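Below is one structure; the comments refer to it alone.
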Amino acid sequence: MTFLTVVTALGGGILIGLAAAILLFFNNRNAGISGIAAGLIKPWQQDSHWRLAFIIGLVISAPLWRLLVGDISIQINTPLSVLAIAGLLVGYGVQLGGGCTSGHGICGNARLSPRSIVATLTFMITAGITVYIVRHVF
Amino acid sequence: MNLNISAFASGLTFGLGLIVSQMINPVKVLSFLDVLGNWDLSLALVMAGALLTLGFLQWLIQKSAKHSHSAIAMKHATPKKNDSKLIIGSSLFGIGWGLSGLCPGPALMGLSSGLFGSYVFIATMLIGFLLFNRLHHKP
């Protein structure tokens with residue numbers, strides 16, 4: 001790990017923490033991305049507006065970066081069939097578990113919520129085991 | 001401030017954070033999760049940066065308790081009993097995350113990056129949302 005990687009990792013993390021604080025301060029909401037997105041598949045209501053605004057901001061950040069700063073490296077090496085299964089597991093799992101890496105991993109843990117700490121440890125462990133099996137067993 | 005503008009600003013900042021930290025890249029995420037491989041602990045540093053920043057700002061907001069939002073999102077965080085759902089749901093999410101290196105934020109950002117894999121992932125993720133609504137919110 002280079003010094004630059006340490007700086008960009010910490011710097012990016014600070015931006016993410018700032019983003020969550022903005023939503024908490026002005027909207028009184030947790031920046032749990034799965035929850036924000038899942039709220040949009042329900043019938044349209046007053047509450048849907050800020051959710052859509054958040055998702056638009058998130059999605060637009062990448063093309064904006066490419067326009068103003070430069071290239072972004074994104075590699076997806078997973079076969080499409082596996083991606084399809086992964087998406088299903090993530091979609092159902094985050095709803096059942098009540099949050100993802102942002103909702104539990106950042107917002108919940110920053111509040112020291114015991115449920116979020118348990119959730120984070122759980123998905124970190126199962127993700128680690130999954131990667132181990134995929135990369136080192138097969 | 002207009003709630004849509006602040007939500008947009010939050011989403012945009014979140015996205016920039018994922019880009020700067022390279023957590024938008026599934027390969028980078030997977031190299032964190034691969035503890036016994038060539039381990040890259042970037043993701044832990046990203047979380048540390050985010051948690052310290054949010055924790056500090058949250059403390060500041062609560063300290064100036066005159067602010068009308070002082071009850072800070074606690075109402076959205078009322079502890080729900082049912083720990084088996086928490087464990088099972090988080091386990092399934094972890095398996096999907098480990099298979100792909102994608103969680104909802106970076107996956108959504110992949111939509112504006114023209115990656116077909118992101119579209120497939122988001123499509124089945126939405127099916128997962130709908131499946132959950134079907135199974136757990138009976139009308």
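Everything numeric in this text was worked out from a predicted model, so none of it was measured. The sequence lines fix the lettering, A, B, ..., with proteins before strands; numbering per chain opens at 1.
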- Can B:Phe129 and A:Lys42 be said to form a side-chain contact (heavy atoms from CB on, under 4.5 Å), step by step? CA-CA 10 Å; B:Phe129 286 174; A:Lys42 291 170 181 156; over 6 Å; no
Are side-chain heavy atoms of [X] and [Y] found at a separation under 4.5 Å?
X	Y	result
A:Ile74	B:Lys28	no
A:His104	B:Leu86	yes
A:Leu89	B:Met125	no
B:Met23	A:Thr101	no
B:Phe93	A:Cys100	yes
A:Val59	B:Met109	no
A:Val90	B:Phe121	yes

Interface moiety of [X] toward chain B, non-hydrogen atoms closer than 4.5 Å:
X	answer
A:Ile55	side chain
A:Val69	neither
A:Arg51	neither
A:Val94	both
A:His49	both
A:Ile72	side chain
A:Leu121	neither
A:Thr78	side chain

Counting only non-hydrogen atoms closer than 4.5 Å, does [X] touch chain A with its backbone (N, CA, C, O), its side chain (CB onward), both, or neither?
X	answer
B:Val35	neither
B:Phe32	side chain
B:Leu30	both

Which heavy-atom pair separates [X] from [Y] by the least distance, and what is that distance?
X	Y	answer
B:Gly15	A:Ser61	CA-OG, 3.3 Å
B:Ser113	A:Arg66	OG-NH2, 3.0 Å
B:Leu108	A:Ala37	CD1-CB, 4.4 Å
B:Ser6	A:Asn27	OG-OD1, 2.5 Å
B:Ser21	A:Gly12	CB-CA, 3.9 Å
B:Ser10	A:Ile22	CB-CG2, 4.1 Å

Distance, nearest 0.5 Å, that separates [atom1] of [X] from [atom2] of [Y]:
X	Y	atom1	atom2	answer
A:Leu24	B:Leu57	CG	CG	9.5 Å
A:Gln95	B:Leu131	CD	CG	10.5 Å
B:Leu45	A:Leu10	CG	CG	5.0 Å
A:Thr122	B:Ile87	OG1	CD1	4.0 Å
B:Asn4	A:Trp50	CG	CH2	10.5 Å
B:Ile5	A:Phe26	CD1	CZ	10.5 Å

- Count the heavy atoms of every other residue, nucleotide or ligand shown that sit under 6.0 Å from CD of A:Gln46, and state whether that count exceeds 12. no
- Of the listed residues (A:Gly11, A:Gly32, A:Ala21), which shares the most heavy-atom pairs with chain B below a 4.5 Å separation? A:Ala21
- Note on the structure: Note: vs chain B, highest number of non-hydrogen pairs under 4.5 angstrom among A:Gly128, A:Gly93, A:Pro63 is A:Gly93
- Task: Describe, in one word, how the ring planes of A:Tyr92 and B:His136 are oriented to each other, choosing from parallel (under 30°), tilted (30 to 60°) and perpendicular (over 60°).
- Result: tilted
Same apolar cluster: [X] and [Y], side chain cutoff 4.5 Å:
X	Y	answer
A:Ile60	B:Ile122	yes
B:Leu115	A:Leu83	yes
A:Ile133	A:Ile125	yes
B:Leu41	A:Ile14	no
A:Val6	A:Leu15	yes

Greatest number of heavy atom pairs closer than 4.5 Å to chain A - which of [options]:
options	answer
B:Leu18, B:Leu111, B:Leu92	B:Leu92
B:Asp40, B:Leu51, B:Leu54	B:Leu54
B:Leu130, B:Ile24, B:Asp34, B:Val120	B:Asp34
B:Ser42, B:Ser118, B:Gly55, B:Ala123	B:Ser42
B:Ser90, B:Ala44, B:Gly114	B:Ser90
B:Ala50, B:Ala107, B:Pro26	B:Ala50

- Scan A:Ile41, A:Leu88, A:Leu40 and name whichever one has a side chain to side chain contact (heavy atoms under 4.5 Å, CB included) with B:Leu126. A:Ile41
- Item | Identified side chain to side chain contact (heavy atoms under 4.5 Å, CB included) partner of A:Ile16 from the options B:Val20, B:Val46, B:Leu16 | B:Val46
- Task: Would you check if the side chain of B:Thr53 reaches a backbone N or O of A:Gly17 as a donor-acceptor pair within less than 3.5 Å?
- Result: no
- Go through the steps to decide whether B:Leu12 and A:Phe54 satisfy the test side-chain contact (heavy atoms from CB on, under 4.5 Å), and finish with yes or no. CA-CA 7 Å; B:Leu12 187 67; A:Phe54 180 93; over 6 Å; no
- Would you check, one step at a time, whether the test side-chain contact (heavy atoms from CB on, under 4.5 Å) holds for A:Ser73 with B:Gln22? CA-CA 8 Å; A:Ser73 163; B:Gln22 298 180 58; 5.8 Å; no
- Task: Would you sort out whether B:Phe14 and A:Ser102 count as a side-chain contact (heavy atoms from CB on, under 4.5 Å), showing the intermediate values?
- Result: CA-CA 10 Å; B:Phe14 207 113; A:Ser102 52; 3.7 Å; yes
